[in-house]
Participant: 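Structure provided below as structure tokens; questions to follow.
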Amino acid sequence: MKISLTINNRKKTLDVPANQTLMDLLRAQGLWSVKHGCETGDCGNCTVIAGGLAVNSCIMLAVQANGKAITTFEGVREKSGFSPVKETLMDFGDSDCGFCIPGMLMSMKALLDKISDPTEEELVDALAGNLCRCTQSVKPVQAILEAIKKIQGKW
Ligand code: FES
Ligand code: FES
């Protein structure tokens with residue numbers, strides 16, 4: 001099936017199998033930040049922003065992305081506001097393997113796009129679907145809470 005969508009601000013028209021997931025489509029485009037985790041919508045490691053919402057791309061069909069704007073971590077990591085996020089994550093020594101981080105940051109971005117100054121509760125809610133198998137999510141969530149204070153409106 002032919003679909004037209006925008007991926008990281010680039011318009012694309014692609015032929016996709018009817019049963020292809022958005023996760024597989026994005027990884028086939030070389031967007032390796034979209035992690036292949038559980039494939040059942042439980043871990044959040046495949047999180048991208050689709051039509052303004054954080055979604056688990058492993059349980060969304062590529063054809064459902066027709067007409068939508070998709071953003072992956074590759075689409076935001078070069079933005080100027082990302083450096084404080086990266087530095088804060090490193091300061092907290094937040095991650096062991098880092099597998100969960102792109103998905104967490106995309107959930108955070110989807111929240112910040114709607115609420116520039118979220119409460120801790122709103123952030124924890126937004127990250128509830130992103131699991132970190134190394135640290136039980138404690139350190140990444142702490143680091144992201146700290147990073148948000150530094151990047152208000154820049155990312
Ligand atoms: S790989 Fe998509 S939620 Fe786990
Ligand atoms: S740091 Fe390894 S899964 Fe989060």
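If you read the sequence from its start, that first residue is 1, and numbering goes on from there. Atoms within a ligand are numbered from 1 in the order they appear, just like the ligands themselves. Heavy atoms only: backbone and side chains are in, while hydrogens, waters and symmetry mates are out.
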Participant: Among all residues two or more places apart in sequence or in another chain, which pass the side-chain contact (heavy atoms from CB on, under 4.5 Å) test with Ala110?
Facilitator: Ile49, Ala54

Participant: Counting heavy atoms only, which of Gly103, Cys100, Cys134 is nearest atom 4 (Fe) of ligand 2?
Facilitator: Cys100

Participant: Hydrophobic clusters here meaning ILVMFWY residues chained together by side-chain heavy-atom distances under 4.5 Å, can you tell me if Leu14 and Met23 are in one?
Facilitator: yes

Participant: Is it true that a side-chain atom of Gln20 and a backbone atom of Val63 form a donor plus acceptor pair closer than 3.5 Å?
Facilitator: no

Participant: Need the ligand 2 atom indices (1-based, order shown) with element for anything under 4.0 Å from a heavy-atom of Arg133.
Facilitator: 3 (S)

Participant: Could you walk me through whether Lys35 and Cys46 pass side-chain contact (heavy atoms from CB on, under 4.5 Å), step by step?
Facilitator: CA-CA 5 Å; Lys35 300 300 184 198; Cys46 63; 5.8 Å; no

Participant: Enumerate the atoms of ligand 2 whose separation from the nearest heavy atom of Gly98 is less than 4.0 angstrom.
Facilitator: 1 (S), 2 (Fe)

Participant: Taking only protein atoms, how many N, O or S atoms are found under 2.8 Å from atom 4 (Fe) of ligand 1?
Facilitator: 2

Participant: Can you confirm whether the side chains of Thr72 and Asn8 place a donor and an acceptor under 3.5 Å from each other?
Facilitator: yes

Participant: Between the side chain of Lys109 and the main-chain N/O of Met104, is any donor-acceptor distance below 3.5 Å?
Facilitator: no

Participant: Please check if the side chain of Thr21 supplies one atom and the backbone of Asp24 the other of a donor-acceptor pair under 3.5 Å.
Facilitator: yes

